[in-house]
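Note that the coordinates shown come from a computational prediction; the quantities given were computed from them, not determined experimentally.
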Amino acid sequence: MAQTYPNKPINVVVPFPAGGYVDSFARVVTAKLGALLGQTMPVLNRPGAGGTVGAESVVRAPPDGYTILVSGVSSLAIFEAMRSKTGEAELPKLSYISLIASTPGVMTTSTQSGVATFKDLIEKVHKEPGQYSYGSAGPGTPSHLWSAEIVRALKLDIRHAAYKGGAPALQELANNQILWMIDTPVGSLPLARAGKVTPLAVIAPSRIKQLPDTPAIGELGVPQLADKASTLYLAAPAGTPKAILDRLNEVYAQAIKDAEFTARIDTFDSVLPDPEMKADKVREAAEAEYLSWFKIVRDTGIKVD
């Protein structure tokens with residue numbers, strides 16, 4: 001089967017709106033994969049319910065390799081945990097193909113806030129409990145969860161201000177209307193370079209090359225977020241033949257060895273995986289990440305109003 005696959009276009013479901021971060025990333029990836037496979041890979045945007053609408057459409061698709069998903073497991077785990085009535089995680093019925101990339105979060109505050117370090121920020125909130133708000137790209141988004149776990153872990157009394165996307169939240173942050181925001185480097189770094197916000201921490205296992213003087217969150221007393229960078233995976237319906245999963249995994253490994261492709265990925269300030277990471281290891285990583293995010297949602301008790 002792998003010898004003749006693919007012999008027709010492969011539909012790629014992105015469970016978020018066109019023009020957004022995941023959609024833009026997916027289009028770069030699928031353009032390269034399509035060229036290597038010799039087939040078109042049209043992107044189908046199916047947003048809704050934290051990415052669950054699009055993901056469930058892939059779960060229900062025939063497991064023949066002609067419908068695949070580009071999404072993070074964090075959004076799926078967050079939404080499932082918030083709607084779960086039993087409190088038990090149910091893994092999505094998906095076959096994981098490749099870890100596409102991981103993107104750190106960058107915690108920033110306005111340069112008008114009087115805060116220069118993460119320690120300053122925490123002290124400010126403790127001194128004036130209930131007086132400030134942190135922003136997010138919306139309820140249940142990774143930007144919300146990152147901050148909610150910091151609030152829980154450090155016992156902070158601060159309100160959550162949810163926005164319709166990262167851009168409006170960052171604008172409010174730059175204007176000193178909220179105390180902090182955690183977003184991707186693509187959103188945060190231009191404001192930092194313009195002198196409008198101050199980076200305080202990165203959500204990543206270690207410091208990142210773009211902000212070598214900014215501590216990783218594990219250095220700051222919240223080690224449980226150190227491995228919670230925002231990740232994207234390539235997945236297919238459960239039951240997709242192993243030969244097809246392996247073929248797609250091999251092609252993505254080929255893509256990330258290409259200098260032109262990796263340069264495009266660098267524009268997203270993301271980290272590529274080990275090209276030798278096979279599909280079975282990808283599945284283990286995705287499922288462990290899903291369960292870890294699910295636990296954080298349950299521990300923080302966040303809800304979507």
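In this structure the side chain of His126 never reaches within 4.5 angstrom of the side chain of Glu123, judged on heavy atoms. Side-chain contact between Tyr134 and His160 is present, with heavy atoms from C-beta onward closer than 4.5 Å. A 4.5 Å side-chain heavy-atom check between Ile296 and Lys228 finds at least one atom pair inside the cut-off. Side-chain contact check for Phe118 versus Pro215: every heavy-atom pair is 4.5 Å or farther apart. Here the side chains of Asp183 and Trp146 are not in contact, with every heavy-atom distance at 4.5 Å or above. The shortest side-chain heavy-atom distance between Thr184 and Asp269 does not fall under the 4.5 Å cut-off. For the pair Lys209 and Asp266, the minimum side-chain heavy-atom distance is below 4.5 Å. Contact of the Pro185 side chain with the Pro104 side chain is registered, since non-hydrogen atoms from C-beta on lie closer than 4.5 Å.
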Next item on the list: Step by step, work out the side-chain contact (heavy atoms from CB on, under 4.5 Å) result for Phe25 and Val70.
Entry: CA-CA 9 Å; Phe25 211 126; Val70 172; over 6 Å; no
Check: How far apart are the C-alpha atoms of Leu170 and Ser188, what are their side-chain angles, what is the distance that settles it, and do they pass the side-chain contact (heavy atoms from CB on, under 4.5 Å) test?
Finding: CA-CA 7 Å; Leu170 287 168; Ser188 302; 4.3 Å; yes
Item checked: Step-by-step side-chain contact (heavy atoms from CB on, under 4.5 Å) determination, Leu44 to Val14 -> CA-CA 6 Å; Leu44 310 177; Val14 173; over 6 Å; no
Next item on the list: Decide yes or no on salt bridge (Lys or Arg N to Asp or Glu O under 4.0 Å) for Arg152 and Glu149, but give the supporting numbers first.
Entry: CA-CA 5 Å; Arg152 185 198 69 82; Glu149 179 59 14; 2.7 Å; yes
Next item on the list: Begin from the C-alpha positions of Leu189 and Leu211 and carry the test side-chain contact (heavy atoms from CB on, under 4.5 Å) through to its verdict.
Entry: CA-CA 9 Å; Leu189 292 184; Leu211 294 168; 3.7 Å; yes
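Interatomic distance, Ile68 CD1 to Leu33 CG, rounded to the nearest 0.5 Å: 7.0 Å. To the nearest 0.5 Å, the span separating CD1 on Ile182 from CD1 on Ile217 amounts to 6.5 Å. How far CG of Leu179 is from CD1 of Ile158: 5.0 Å, rounded to the nearest 0.5 Å. To the nearest 0.5 Å, atom CG of residue Leu69 and atom CG of residue Leu232 are 9.5 Å apart. Rounded to the nearest 0.5 Å, atoms OG1 (Thr240) and CG (Asp246) are 11.5 Å apart. In this structure, the separation between CZ on Phe16 and CG on Asn45 is 11.0 Å, given to the nearest 0.5 Å.
Closest approach of Gly54 to Val13, counting heavy atoms only: O-CG1, 3.6 Å. Residues Ala204 and Ala216 share a closest heavy-atom pair of O-CB, 3.7 Å. Looking at every heavy atom in both residues, Ala253 comes nearest to Pro275 through CB-O, 3.2 Å. Across all non-hydrogen atoms, the minimal contact from Leu272 to Thr262 is CD1-CG2, 3.4 Å. Ser136 approaches Ala169 most closely through the heavy-atom pair O-CB, 3.8 Å. The two residues Ser95 and Ala238 make their nearest non-hydrogen contact at OG-CA, 3.3 Å.
Under the 4.5 Å side-chain heavy-atom criterion for grouping Ile, Leu, Val, Met, Phe, Trp and Tyr, Val197 is not connected to Tyr132 through any hydrophobic cluster. Hydrophobic cluster membership differs between Val202 and Met107, with clusters built from Ile, Leu, Val, Met, Phe, Trp and Tyr side chains linked at under 4.5 angstrom. Transitive grouping of hydrophobic side chains (ILVMFWY, heavy atoms separated by less than 4.5 Å) keeps Val151 and Ile178 in distinct clusters. Note on Ile100: it clusters hydrophobically with Ile244, by side-chain heavy-atom contacts below 4.5 Å among ILVMFWY residues. In terms of hydrophobic clustering, with Ile, Leu, Val, Met, Phe, Trp and Tyr side chains grouped at heavy-atom distances under 4.5 Å, Val271 and Val22 are assigned to different clusters.
Without hydrogens or angle criteria, Thr111 side chain to Lys196 main chain gives a donor-acceptor distance under 3.5 Å. Between the side chain of Thr214 and the backbone N or O of Leu200 there is no donor-acceptor pair closer than 3.5 Å. A side-chain donor-acceptor contact under 3.5 Å links Tyr5 to the backbone of Gly65. Side-chain N or O atoms of Asp227 include none that pairs as donor or acceptor with a backbone N or O of Glu289 at under 3.5 Å. Side-chain N or O atoms of Asn249 include none that pairs as donor or acceptor with a backbone N or O of Ser98 at under 3.5 Å. Of the possible polar contacts, none joining the Thr40 side chain to the Pro42 backbone as a donor-acceptor pair under 3.5 Å is found.
Every residue two or more places apart in sequence or in another chain was checked for a side-chain hydrogen bond (donor to acceptor under 3.5 Å, both in side chains) with Gln39, and none qualifies. Listed by chain and number, the residues in a salt bridge (Lys or Arg N to Asp or Glu O under 4.0 Å) with Arg207 are Glu219 (sequence neighbours excluded). Residues passing the salt bridge (Lys or Arg N to Asp or Glu O under 4.0 Å) test with Glu287, sequence neighbours excluded: Arg283. Partners of Trp180 according to the side-chain hydrogen bond (donor to acceptor under 3.5 Å, both in side chains) rule, which considers only residues two or more places apart in sequence or in another chain, are Ser147. For Gln177, there are no side-chain hydrogen bond (donor to acceptor under 3.5 Å, both in side chains) partners, not counting sequence neighbours. Every residue meeting the side chain to side chain contact (heavy atoms under 4.5 Å, CB included) condition with Asp258, not counting sequence neighbours, appears here in chain and number order: Lys32, Glu260, Phe261.
We find that Lys257 and Glu276 are joined by a salt bridge, their nearest charged nitrogen and carboxylate oxygen being less than 4.0 Å apart. With respect to Asp23 and Arg27, a salt bridge is recorded, a charged nitrogen being found less than 4.0 Å from a carboxylate O.
The neighbour count for Lys242 NZ, taken as heavy atoms of other residues, nucleotides or ligands under 6.0 Å away, does not exceed 12.
Note: Tyr21 and Phe268 have perpendicular aromatic rings, judged against thresholds of 30 and 60 degrees for the angle between ring planes.
Between Tyr163 and Gln171, the side chains place no donor N or O within less than 3.5 Å of an acceptor N or O (distance only, hydrogens not considered). Side-chain contact check for Asn7 and Tyr66: at least one donor-acceptor pair (N or O, by modelled atom type) lies under 3.5 Å.
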